[in-house]
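Some notes on the structure that comes next.
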Amino acid sequence: MIFADKLIQLRKKNGWSQEELAEQMNVTRQSVSKWEGAQSIPDLEKMIRLSELFGVSMDYLLKDEMEETEAEHVVFREETMPIRRVTMEDANRFLSIKAAESKSAAYAAFLCILSPICLLVLGAVSEISEYGISDSMAGGIGMIVLLVLIASAVAVFIINGNKASSFAYLEKEIFETEYGVSGMVKERREAYRNTYLRNNVIGTCLCILSLIPLFGGVIIDEENDFLMTMMLPVTFVIAGIGVVLFIRGGIIWASYEKLLQEGDYSKEKKEKSSLTAAISGSYWLIVTAIFLAYSFATNNWGYSWIVWVVAGLLYPVVLTIFNVVIKNS
């Protein structure tokens with residue numbers, strides 16, 4: 001049996017049309033037709049892809065003398081390593097869930113950023129005797145508000161994670177999409193590209209400009225602690241709006257990349273995703289511990305937020321070093 005006949009047999013065994021196989025291989029239907037008509041043979045890279053796609057050996061595909069009876073030991077992917085197939089309905093439902101999550105997750109992050117504001121304001125007000133607020137009362141009320149806001153944000157994150165739990169495999173597993181899914185996702189991604197770029201530009205500018213109120217307070221009266229403290233909430237709000245734009249755009253854009261298996265969710269990167277996730281989780285746990293330890297030890301909540309800025313800047317450096325080490329290994 002020649003390669004062309006084997007390809008037809010394998011394609012039909014999987015229930016695919018020529019168009020569907022062409023989409024899986026990222027080639028045209030005419031190319032598949034020529035392969036099955038023995039008019040051309042795929043190059044080595046595509047031959048390897050066919051071998052992985054159908055779960056057969058390269059020998060079986062290339063050796064004409066190896067007939068089906070001789071290849072009975074070859075176990076198809078569906079029998080040993082079932083590969084998921086994403087339908088059009090699955091893709092649309094996933095994109096809808098992520099679109100809704102982008103809003104709620106962004107606002108939850110905004111709550112986390114705003115959570116220390118009450119503590120800061122009441123702490124500053126307690127220093128003014130006319131208001132009659134003691135340090136203990138200001139600290140107690142401020143911490144209650146902080147914990148309530150953070151608890152609310154965490155609840156939102158947990159709910160979002162539960163809604164998208166059925167699609168967790170998109171981040172970790174290699175999957176196939178049904179005919180038309182990739183085209184639909186690419187079209188929607190292109191339509192969203194300008195919005196994504198705009199959100200990133202505005203978000204970056206807002207995070208940079210958020211420091212202006214602090215410098216403005218220094219210019220007006222650098223020795224006025226109350227004024228400087230009142231400038232911090234303004235800084236938090238401006239930076240928070242920038243973060244909202246980052247998160248909303250990032251979640252939606254990532255949902256497209258997950259379905260297309262591109263960018264950070266390509267098939268190659270999925271192989272080391274578990275290690276990356278472990279590194280990321282450990283990194284942010286350490287950053288959180290440093291932030292809380294420093295803030296509670298010094299009671300300097302007005303400036304301890306800089307820990308997150310520094311951590312955010314160092315994060316891509318840490319991941320880059322990690323990826324280089326893994327690659328060399």
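The analysis underlying the following values was restricted to heavy atoms, covering all of them including side chains, and did not include hydrogens, waters or symmetry mates. In this text the structure is predicted, and so the values were computed from the model without any measurement.
Counting heavy atoms from C-beta outward, Asn162 and Phe157 have side chains that stay 4.5 Å or more apart. The side-chain heavy atoms of Ile97 and Phe167, taken from C-beta on, include a pair separated by under 4.5 Å. Side chains of Tyr265 and Leu259 form no contact here, defined as non-hydrogen atoms less than 4.5 Å apart. Side-chain contact between Trp16 and Phe54 is present, with heavy atoms from C-beta onward closer than 4.5 Å. Looking at Val234 and Ile212, their side chains never come closer than 4.5 Å, going by heavy atoms from C-beta outward. No side-chain heavy atom of Leu245 sits less than 4.5 Å from a side-chain heavy atom of Arg198. Side-chain contact check for Ile8 versus Lys12: some heavy-atom pair is nearer than 4.5 Å.
Panel note: side chain Thr298, backbone Tyr294; a donor-acceptor pair is recorded below 3.5 Å. Between the side chain of Asn14 and the backbone N or O of Leu10 there is at least one donor-acceptor pair closer than 3.5 Å. The backbone N or O of Arg248 lies less than 3.5 Å from no partner atom in the side chain of Lys103, so there is not a single donor-acceptor pair. Looking only at distances, a side-chain donor or acceptor of Glu20 sits under 3.5 Å from a matching main-chain atom of Ser17. Judged purely by atom type and a 3.5 angstrom limit, Ser51 uses its side chain to pair as donor or acceptor with the backbone of Val56.
Phe226 CZ: more than 12 foreign heavy atoms inside a 6.0 Å radius. The neighbour count for Met88 CE, taken as heavy atoms of other residues, nucleotides or ligands under 6.0 Å away, is above 12. No more than 12 heavy atoms of other residues, nucleotides or ligands sit less than 6.0 Å from atom CD1 of Ile41. Counted within 6.0 Å of OH on Tyr179, heavy atoms from surrounding residues, nucleotides or ligands total 12 or fewer; the atom is thus considered open.
Asp90 is linked by a side chain to side chain donor-acceptor pair (under 3.5 Å) to Thr87, counting only residues two or more places apart in sequence or in another chain. Considering only residues two or more places apart in sequence or on other chains, Arg93 meets the side chain to side chain donor-acceptor pair (under 3.5 Å) condition with none of them.
Between Ala106 and Val244, the shortest heavy-atom contact is O-CG2, 3.6 Å.
Judged by the 6.0 Å and 45° rule, Lys258 forms no cation-pi pair with Phe94. Annotation: cation-pi pair Arg84/Tyr169 present, NZ/CZ under 6.0 Å from the ring centroid and within 45° of its normal.
A single hydrophobic cluster is not seen to contain both Ile113 and Phe246; linkage of ILVMFWY side chains at heavy-atom distances under 4.5 Å, directly or through other members, places them apart. The hydrophobic clustering, which links ILVMFWY residues whose side-chain heavy atoms are closer than 4.5 Å, places Ile219 and Leu232 apart. There is a path of hydrophobic side-chain contacts, each under 4.5 Å, that joins Ile141 to Leu114. If you chain together hydrophobic residues whose side chains sit under 4.5 Å apart, Ile128 and Ile133 fall into the same group. Transitive grouping of hydrophobic side chains (ILVMFWY, heavy atoms separated by less than 4.5 Å) brings Met137 and Ile117 into a common cluster.
Between Glu101 and Lys163, no side-chain nitrogen of the basic residue sits less than 4.0 Å from a carboxylate oxygen of the acidic one, so the salt-bridge criterion is not met. A salt bridge does not link Glu23 to Arg85: none of the charged nitrogens lies less than 4.0 Å from a carboxylate oxygen. A salt bridge links Glu36 with Arg11: the distance from a Lys NZ or Arg NE/NH1/NH2 to an Asp or Glu carboxylate oxygen falls below 4.0 Å.
Arg49 contributes atom CZ, which lies 10.5 Å from atom CD of Glu45 (distance to the nearest 0.5 angstrom). To the nearest 0.5 Å, atom CG of residue Leu209 and atom OG1 of residue Thr204 are 10.5 Å apart. Once rounded to the nearest 0.5 Å, the distance linking CG of Asn26 with OG of Ser182 reads 7.5 Å. Expressed to the nearest 0.5 Å, how far CG of Leu122 lies from CE of Met143 amounts to 12.5 Å. Atoms OG1 and CZ, from Thr177 and Phe175 in turn, are 7.0 Å apart once rounded to the nearest 0.5 Å. Ile238 contributes atom CD1, which lies 12.5 Å from atom SG of Cys205 (distance to the nearest 0.5 angstrom).
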* Given Arg189 and Trp253, is the side chain to side chain contact (heavy atoms under 4.5 Å, CB included) satisfied, shown in steps? -> CA-CA 7 Å; Arg189 183 179 64 175; Trp253 188 263; 3.5 Å; yes
* **Intermediate values then yes/no, side chain to side chain contact (heavy atoms under 4.5 Å, CB included), Leu7 and Leu61** => CA-CA 8 Å; Leu7 181 59; Leu61 291 176; over 6 Å; no
* Asked: Hey, mind stepping through Met230 and Val121 against side chain to side chain contact (heavy atoms under 4.5 Å, CB included) and telling me if it holds?
  -> CA-CA 7 Å; Met230 291 299 103; Val121 172; 3.9 Å; yes
* To do: Start with the C-alpha gap between Leu119 and Val145, add the side-chain angles, then the distance that decides, and say whether side chain to side chain contact (heavy atoms under 4.5 Å, CB included) holds.
  => CA-CA 8 Å; Leu119 182 63; Val145 174; over 6 Å; no
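A donor atom on one side chain and an acceptor atom on the other are not found under 3.5 Å apart for Thr235 and Ser210.
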